[in-house]
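Reading through the structure tokens given below for one structure.
Just so it is clear: chains get the letters A, B, ... in the order the sequence lines come, proteins before strands, and each one is counted from 1. All heavy atoms count here, side chains included; hydrogens, waters and symmetry mates do not.
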Amino acid sequence: MNTFIHKSEESIALGMKYIYDLHRTMLSQSLILVYEGEFTQEITKSVLAMAERNMDSFGEKGAVKRKVFNIMVECLQNISKHADSYRKEIYGKNNAIFMIGKSDDVYIVTSGNPVFKDSIDDISRRIDSINVLDAKGLKQLYKDTIKRPGGLTEKGGAGLGLIDMARKSGHKLKYDFETINDELAFFSLKTTIART
Amino acid sequence: MDIINLEGTEDTPKVLLDKANETFEVSGRSLPEDAAEFYQPIIEWLDAYSENPNPSTPFMFKLEYFNTASSKLILDILSKLEDIEGTSIVWYFHEDDEDMEEAGEEFSELVEIPFEFKTY
């Protein structure tokens, strides 16, 4: 017992307790995958492959797996297209966090990334306007948006990602902004997928 | 006419466009980061093909996943095909993939081309 306490104190002194804390947080939040860092297409592919293997490993239903995969793709590519950086020279480009949680009933796909504060209103309005729609309304919005002439945006987006996430999820998109500094806010987005 | 024959990768589809052998196929996963760049040669190929198309053009989509940027480009392909006489779409979906079936139905509502739906 003494040894244990000693080690525990030592780990605090060494500043290593965060490892255990992080481990416990992941368990308590039922997180099966967490990625923090730069987001590129290569990393998107790796994260997708890991999540896919994870879902395969316990034989997740094909239909559920495909929905989770689709939502992950849109979420990850949203980050690599739109995340703004704290300080690019220090943190790299598109520094963000991406997580997948799994309970008995649902998967939860979560992302968090810095955005410029002047885009908060835009993002909020977009998500709010999606959240008021039912399945039929979302289908119509999807069709209206895909038909819109003018091709993809300069960032290569179709303006369909959030709509598609809402459609595949069947739940409301949850979001939040936390202030980082005068210029930036941390944008969190949470999408739920039922395992039925 | 040139053949486009691209092997599928983990984020781009297999593409086979072969006028002489009457094979027109896009299949697999389409999640490229830059969908416009990936599909540009295919759109250009269809432009050239439309100058002197076969009497019939059965175009097959057999996609497992596609991202929303790709969906916009798939609609561009369909819009090109719409102007080619004798085009028909064969839209494959996995038998328990309602989302892919619905995606095909939505595309069929956006263009004036006959769609045939098949499961695999």
Side-chain angles (χ1 to χ4, degrees), chain A residues 39-49 52 61-81 94 135-136 138-170 193, chain B residues 8-13 28-40 42-44 46-47 61-80 82 92-113 115 119-120:
Chain A
F39 280 74
T40 62
Q41 178 71 359
E42 285 310 308
I43 284 161
T44 293
K45 284 193 280 186
S46 306
V47 171
L48 288 170
E52 215 178 2
K61 283 197 280 288
V64 173
K65 207 180 89 177
R66 279 191 293 271
K67 279 186 201 294
V68 173
F69 189 91
N70 258 304
I71 286 169
M72 285 178 58
V73 169
E74 295 306 322
C75 193
L76 290 162
Q77 292 188 329
N78 262 346
I79 299 172
S80 58
K81 287 193 174 89
N94 305 336
K136 213 175 139 201
L138 286 169
K139 182 189 170 97
Q140 193 56 48
L141 179 60
Y142 185 91
K143 285 170 81 173
D144 292 345
T145 308
I146 197 173
K147 270 192 301 192
R148 216 160 43 198
L152 301 175
T153 65
E154 60 182 63
K155 286 179 175 171
L160 293 164
L162 289 168
I163 305 170
D164 193 51
M165 286 167 71
R167 293 188 74 188
K168 299 270 158 58
S169 149
I193 305 109
Chain B
T9 70
E10 56 184 333
D11 65 345
T12 57
R29 297 181 167 199
S30 183
L31 329 160
E33 188 174 35
D34 192 340
E37 183 187 63
F38 178 81
Y39 282 99
Q40 187 58 33
I42 294 155
I43 302 284
E44 283 168 10
L46 287 170
D47 279 334
F61 287 95
K62 192 175 183 179
L63 292 163
E64 190 191 356
Y65 294 113
F66 61 85
N67 62 358
T68 53
S70 297
S71 70
K72 185 92 178 162
L73 274 301
I74 292 169
L75 183 59
D76 286 349
I77 291 174
L78 294 171
S79 301
K80 293 282 173 200
E82 197 174 19
Y92 277 90
F93 59 95
H94 190 271
E95 56 185 3
D96 71 354
D97 192 351
E98 287 173 13
D99 290 330
M100 190 56 75
E101 181 181 11
E102 194 179 356
E105 283 166 3
E106 282 166 16
F107 281 125
S108 77
E109 290 159 16
L110 291 166
V111 288
E112 298 284 332
I113 311 174
F115 270 61
T119 56
Y120 66 91

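- In this structure, chain B has a heavy atom under 4.5 Å from the side chain of Gln77(A), while its backbone stays farther away.
- Taking the charged nitrogens against the carboxylate oxygens, Asp96(B) and Arg66(A) do have a contact shorter than 4.0 Å, which makes a salt bridge.
- Going from atom CG of Asp34(B) over to atom CG of Leu73(B) covers 9.0 Å, rounded to the nearest 0.5 Å.
- Counting only N and O atoms by type, the side chains of Tyr142(A) and Thr68(B) include no donor and acceptor under 3.5 Å apart.
- Residues Gln140(A) and Asp144(A) bring a donor and an acceptor atom of their side chains to less than 3.5 Å of each other.
- Note: Lys45(A) leads Lys147(A), Arg148(A), Lys45(A) in heavy-atom pairs under 4.5 Å with chain B.
- Within the 4.5 angstrom heavy-atom criterion, no atom of Lys61(A) approaches chain B.
- In this structure, chain B has a heavy atom under 4.5 Å from the side chain of Glu52(A), while its backbone stays farther away.
- At a 4.5 Å heavy-atom cutoff, the contact between Thr145(A) and chain B is made by backbone atoms alone.
- Between the side chains of Asp76(B) and Ser79(B), no donor-acceptor pair is found at a separation under 3.5 Å.
- Phe107(B) pairs by the ring-ring contact (aromatic ring centres under 6.0 Å, His included) definition with Trp91(B), not counting sequence neighbours.
- Interface residue Glu102(B): only side-chain heavy atoms are found under 4.5 Å from chain A.
- Tyr65(B) pairs by the ring-ring contact (aromatic ring centres under 6.0 Å, His included) definition with Phe69(A), not counting sequence neighbours.
- Contacts between Leu110(B) and chain A at a heavy-atom distance below 4.5 Å involve the side chain alone, from C-beta outward.
- Heavy-atom pairs under 4.5 Å with chain A were tallied for Glu98(B), Glu109(B), His94(B); the largest tally goes to Glu109(B).
- Heavy atoms closer than 4.5 Å to chain B are found in the side chain of Leu48(A), but not in its backbone.
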